[in-house]
Peer 1: 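Right, I'll just put the structure down here and ask away after.
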Amino acid sequence: MISAATQSNPMSCDGRLILVTGASSGIGRATAVLLSRLGARLLLVGRSQEKLEQTLAALDGTGHRIEPFDLNETEEIPAWFKHLIAESGPLSGLVQCAGVQHYTPARFITVDKINRMMKVNVFSTTMLAKCCAGKGAVLPGGSLVFIASVAGLVGDAGLSVYAASKGAVIALTKSLALEFAPAKIRVNAVAPGCVETDMLDKMRLNLTADQVQALAAKHPLGFGTAEDVAHAVAFLLADTGRWITGSVLTVDGGYTA
Ligand SMILES: NC(=O)c1ccc[n+]([C@@H]2O[C@H](COP(=O)([O-])OP(=O)(O)OC[C@H]3O[C@@H](n4cnc5c(N)ncnc54)[C@H](OP(=O)(O)O)[C@@H]3O)[C@@H](O)[C@H]2O)c1
């Protein structure tokens, strides 16, 4: 049944409990703020308590909580998640936005850099999906959104390991969508192009001014904002996305066009 809130605003997330990882910064923070304006209650995850509190202070509504956690602790994720759900009740949505990127031209690849990117970007996404498959973890009608990247779709020199991690997220999304569909839970990915956040600022440090200009030129609409991605995530979480699963939504200012 479509609620009154959804009838008046198809993107309403009224009363839905949504867990957002990476909520302490950039895209995750903008997503949490937007979802709170759409009526959701948020569980905010990241490592920095201070930055999570800043996000919390920017939210509309009540009933939100910060849950500092290091997603590098892959083996701890199931127990942590179980505790979270026992305290908060089942989720209506999950946004896996936590991620790291390290610029790694092939000759500078190390096992440590592979581990660092795979752990957060792939292992934690996989383990969170496992947790969401648990009985009573996510309500029917729920929606999981993983933040991938255009790097998982299109080659980018110096980013092969990051690209592999985001390609893995896209592959996970498609198979999980099929697996979760009988439970009426949707799984989609959003693949952003370059977005003005701390991550892009860090990437700029490894590039010359000419390289930054060339990167900008690959985005016909210019670099994006965290809010541009947040809107796409909210669309997939809300009933507006109710017939969409297994999709990869590029939000990239035309980069992949
Ligand atoms: N910005 C872009 O151009 C761009 C483009 C395509 C895709 N993306 C993807 O978008 C997502 C968000 O990136 P962003 O641009 O918003 O970057 P950001 O501002 O650097 O935010 C990254 C977030 O990930 C969290 N995080 C990292 N490692 C973590 C860990 N071990 N445990 C828990 N949280 C962790 C950080 O929280 P703490 O620091 O508190 O741990 C932070 O909230 C990432 O998955 C990224 O790959 C970004």
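Counting convention: from 1, in listed order, for ligands and their atoms alike.
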Peer 1: Looking at ligand 1, does any of its N/O atoms fall within less than 3.5 Å of an N/O of Ser149?
Peer 2: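 N/O-N/O distance under 3.5 Å: no.
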Peer 1: Looking at Tyr162, which atoms of ligand 1 are within less than 4.0 Å of one of its heavy atoms?
Peer 2: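 Counting from 1, the qualifying ligand atoms are 6 (C), 7 (C), 8 (N), 9 (C), 46 (C), 47 (O).
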Peer 1: Considering distance alone, does some N or O of Cys194 sit under 3.5 Å from an N or O of ligand 1?
Peer 2: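 It does not: no N or O of Cys194 is found under 3.5 Å from an N or O of ligand 1.
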Peer 1: With heavy-atom distances below 4.0 Å as the criterion, list the atoms of ligand 1 near Val120.
Peer 2: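 Listed by number with element: 28 (N), 31 (N).
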Peer 1: Please report whether ligand 1 has a polar contact with Val195, defined as an N or O pair separated by less than 3.5 Å (distance criterion only).
Peer 2: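 Checking ligand 1 against Val195, an N or O pair does fall under 3.5 Å apart.
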Peer 1: Using a strict cut-off of 4.0 Å, indicate which atoms of ligand 1 neighbour a heavy atom of Phe69.
Peer 2: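 Answer, ordered by atom number: 32 (N), 33 (C).
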Peer 1: Ser24 versus ligand 1: do any nitrogen or oxygen atoms come within less than 3.5 Å of each other?
Peer 2: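 It does: an N or O of Ser24 is found under 3.5 Å from an N or O of ligand 1.
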Peer 1: Specify the protein heavy atom at minimum distance from atom 35 (C) of ligand 1: its residue, its atom name, and the distance to 0.1 Å.
Peer 2: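 That would be Ala98 CB, 3.7 Å.
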Peer 1: Looking only at non-hydrogen atoms, which of Gly193, Gly99, Ala148 approaches atom 7 (C) of ligand 1 most closely?
Peer 2: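 Comparing heavy atoms across Gly193, Gly99, Ala148, the nearest one to atom 7 (C) of ligand 1 lies in Ala148.
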Peer 1: Taking N or O atoms only and a 3.5 Å limit, does Leu200 qualify as a polar contact for ligand 1?
Peer 2: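 There is no such contact.
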Peer 1: Would you check the N or O atoms of Lys51, main chain and side chain alike, for any that come under 3.5 Å of an N or O of ligand 1?
Peer 2: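 Among all N and O atoms of Lys51, none is under 3.5 Å from an N or O of ligand 1.
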Peer 1: Among Ile, Leu, Val, Met, Phe, Trp and Tyr joined by side-chain contacts under 4.5 Å, find the other residues sharing a cluster with Phe108 and list them by chain and number.
Peer 2: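 Cluster partners of Phe108: none, it stands alone.
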Peer 1: With heavy-atom distances below 4.0 Å as the criterion, list the atoms of ligand 1 near Gly26.
Peer 2: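 Result: 16 (O), 19 (O).
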Peer 1: Quick one: nearest non-hydrogen protein atom to atom 9 (C) of ligand 1, plus distance?
Peer 2: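 Atom 9 (C) of ligand 1 sits closest to the protein heavy atom Ile147 CG2, 3.7 Å.
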Peer 1: Hey, is ligand 1 close enough to Leu71 that some N/O pair sits below 3.5 Å?
Peer 2: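 Looking only at distances, the answer is yes, because the N/O contact criterion of under 3.5 Å is met.
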Peer 1: Check ligand 1 against Val100 and write out every atom of the ligand that is under 4.0 Å from a heavy-atom position of the residue.
Peer 2: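 The atoms of ligand 1 under 4.0 Å from a heavy atom of Val100 are 27 (C), 28 (N).
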Peer 1: Does Asp70 form a salt bridge (Lys or Arg N to Asp or Glu O under 4.0 Å) with Lys119? I'd like the steps, not just the answer.
Peer 2: CA-CA 11 Å; Asp70 184 351; Lys119 263 197 167 176; over 6 Å; no
Peer 1: Regarding Asp198 and Lys202, does a basic nitrogen lie under 4.0 Å from an acidic carboxylate oxygen?
Peer 2: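 Answer for the salt bridge query: no.
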Peer 1: Give yes if a backbone or side-chain nitrogen or oxygen of Cys97 is under 3.5 Å from a nitrogen or oxygen of ligand 1, and no if not.
Peer 2: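 By distance alone, the answer is yes.
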